[in-house]
S.K.: 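The structure is given below, and queries will be raised subsequently.
Scope of the values below: all heavy atoms of this structure, side chains included, with no hydrogens, waters or symmetry mates.
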Amino acid sequence: MKIRLGYACISNALNITSSSTMTYSYYKSKDKDYINDKLDKIIKSNFEALKEILNYNIKNEIYFFRMTSNLIPLATHPSVEFEIFKKYDKYFKEIGNIIKNNNLRVDMHPDQFCVLNSINFDTVKTTISILEFYQNMFDAMKIKSKLVLHVGGKTNGKKEGIKRFIDNFNLLNDELKHMIILENDDKVYNIRNVLKICNTLNIPMVLDYHHYKCNKSNEKIEDYIEKIFDTWDTIPKIHFSSPKSKKEKRSHHEYIDVDEFIKFIEKIKFVDRDFDIMIEAKGKDDALFRLIRQLKYKTDYKFINSTTFLVK
């Protein structure tokens with residue numbers, strides 16, 4: 001069983017960000033020429049930072065990465081219009097070539113404003129518009145990738161929330177439907193709920209182990225892991241993080257609890273299938289490499305490169 005580790009969005013080792021932003025209030029408060037020039041500089045800076053982060057990952061043998069969903073500031077704001085795909089075609093292609101030429105696995109996780117099961121249809125339309133923008137981004141990069149979503153709210157109860165998600169999912173274009181992967185959350189929609197939706201819609205389920213620990217009844221992960229992996233027609237992925245504290249159990253810790261991580265791996269290794277784990281820790285790549293050092297000390301897992309290991 002081969003397990004590959006990755007991290008999300010920001011490298012703590014590099015003093016750069018691919019998520020520099022601009023508020024709408026600032027955008028509308030300035031002269032048009034000035035603000036468009038400033039926005040152009042921010043976008044180009046984000047592209048250059050993303051290229052540097054990807055190259056850093058490659059040199060450190062990190063082949064699994066979540067790209068920021070804030071690469072293009074204000075791109076999905078309904079009151080802002082500016083040329084993106086033609087103007088920045090060179091940059092999109094450069095990013096895509098780095099990803100393709102180095103066999104990187106990348107995805108994105110749109111922010112909390114993407115609520116596909118909202119009771120407000122304007123919110124649903126905005127959500128679909130945002131998802132279509134990310135679809136166009138991947139098309140501009142000439143790569144195939146995935147978008148991670150949560151089910152959303154529970155207005156009128158979970159049963160109605162699930163029905164709304166399924167109904168509104170069916171409004172998406174076919175290509176976009178194949179890009180969506182669904183994650184269990186820490187308060188409302190547990191692994192049973194999300195697995196049922198994924199089987200209904202024939203889409204992959206991302207197990208978030210931290211969320212599972214926060215939001216479960218009597219479900220044992222050993223009873224569900226094969227069913228979750230079976231929703232994938234490619235290598236499954238998992239999110240893993242550790243709670244900040246007993247009091248703040250839903251918040252992410254700076255690092256990963258290595259003993260809990262090993263316990264999880266040992267629980268599910270009977271499936272004997274390759275999968276990827278996204279480390280969701282505030283320490284980002286620092287947390288990733290700290291975990292790796294601890295695993296090398298505490299286990300006999302065989303590392304085949306800097307971030308990939310085999311479990312027997």
Side-chain angles (χ1 to χ4, degrees), residues 8-11 14 16-57 65-102 104-116 118 122-149 168-169 171-181:
C9 301
I10 298 170
S11 165
L14 302 178
I16 57 173
T17 179
S18 57
S19 303
S20 294
T21 189
M22 177 186 289
T23 65
Y24 178 63
S25 59
Y26 183 82
Y27 175 86
K28 67 180 183 178
S29 71
K30 302 294 181 181
D31 171 80
K32 184 176 181 181
D33 289 338
Y34 170 83
I35 205 67
N36 285 339
D37 181 63
K38 187 173 181 66
L39 187 58
D40 177 65
K41 289 176 180 176
I42 291 174
I43 291 169
K44 288 177 179 176
S45 173
N46 282 347
F47 273 117
E48 293 298 335
L50 178 56
K51 285 194 289 184
E52 190 167 343
I53 292 168
L54 291 175
N55 284 321
Y56 161 85
N57 289 346
F65 181 66
R66 178 185 301 156
M67 294 192 295
T68 177
S69 59
N70 297 317
L71 185 65
I72 312 291
L74 299 175
T76 59
H77 195 288
S79 300
V80 177
E81 290 187 11
F82 59 96
E83 178 55 51
I84 297 174
F85 294 108
K86 287 184 180 179
K87 186 172 184 178
Y88 301 106
D89 178 68
K90 177 187 79 167
Y91 293 92
F92 283 116
K93 286 179 179 175
E94 285 175 348
I95 297 296
N97 286 336
I98 292 171
I99 291 167
K100 288 183 293 185
N101 292 342
N102 294 279
L104 305 183
R105 180 178 190 172
V106 299
D107 57 29
M108 284 186 182
H109 197 331
D111 62 27
Q112 69 271 21
F113 299 110
C114 277
V115 185
L116 196 56
S118 174
D122 286 337
T123 300
V124 175
K125 288 193 293 184
T126 298
T127 295
I128 293 173
S129 176
I130 292 171
L131 295 176
E132 288 175 343
F133 172 76
Y134 293 130
Q135 176 186 355
N136 291 333
M137 276 186 60
F138 289 139
D139 285 346
M141 293 177 186
K142 299 189 182 304
I143 62 171
K144 298 294 183 182
S145 193
K146 298 291 186 182
L147 295 168
V148 183
L149 289 186
N168 294 336
F169 178 88
L171 300 175
L172 304 178
N173 66 66
D174 288 343
E175 183 181 346
L176 187 50
K177 287 177 183 176
H178 287 102
M179 293 173 62
I180 302 300
I181 51 181

S.K.: Taking the side chain as C-beta and beyond, is there a heavy-atom pair between Tyr26 and Ile35 under 4.5 Å?
M.R.: yes
S.K.: Do Ile72 and Asn46 have side chains that get closer than 4.5 Å, going by heavy atoms?
M.R.: no
S.K.: Pro110 versus Leu149: any side-chain heavy-atom pair under 4.5 Å?
M.R.: yes
S.K.: Side chains of Asn57 and Leu104: does their closest heavy-atom pair fall under 4.5 Å?
M.R.: no
S.K.: Tyr88 vs Asp40, test: side-chain hydrogen bond (donor to acceptor under 3.5 Å, both in side chains). Steps then yes/no.
M.R.: CA-CA 10 Å; Tyr88 301 106; Asp40 177 65; 2.7 Å; yes
S.K.: side-chain hydrogen bond (donor to acceptor under 3.5 Å, both in side chains) for Ser45 and Ser20? Distances and angles first, verdict last.
M.R.: CA-CA 8 Å; Ser45 173; Ser20 294; 5.0 Å; no
S.K.: Is there a side-chain contact between Tyr27 and Asn36 (heavy atoms, below 4.5 Å)?
M.R.: yes
S.K.: How would you list, by chain and number, every residue that makes a side chain to side chain contact (heavy atoms under 4.5 Å, CB included) with Thr126, sequence neighbours excluded?
M.R.: Ile130
S.K.: In plain terms, say whether Asp89 and Lys86 are close enough for a salt bridge, that is, a side-chain N and a carboxylate O under 4.0 Å apart.
M.R.: no
S.K.: Any idea which heavy atoms bring Ile53 and Ser18 closest together, and the distance?
M.R.: CD1-OG, 4.1 Å
S.K.: Tell me, do Phe133 and Met137 make a side-chain contact under 4.5 Å, heavy atoms counted?
M.R.: yes
S.K.: When you compare the side chain of Phe92 with that of Lys142, does any pair of heavy atoms fall below 4.5 Å?
M.R.: no
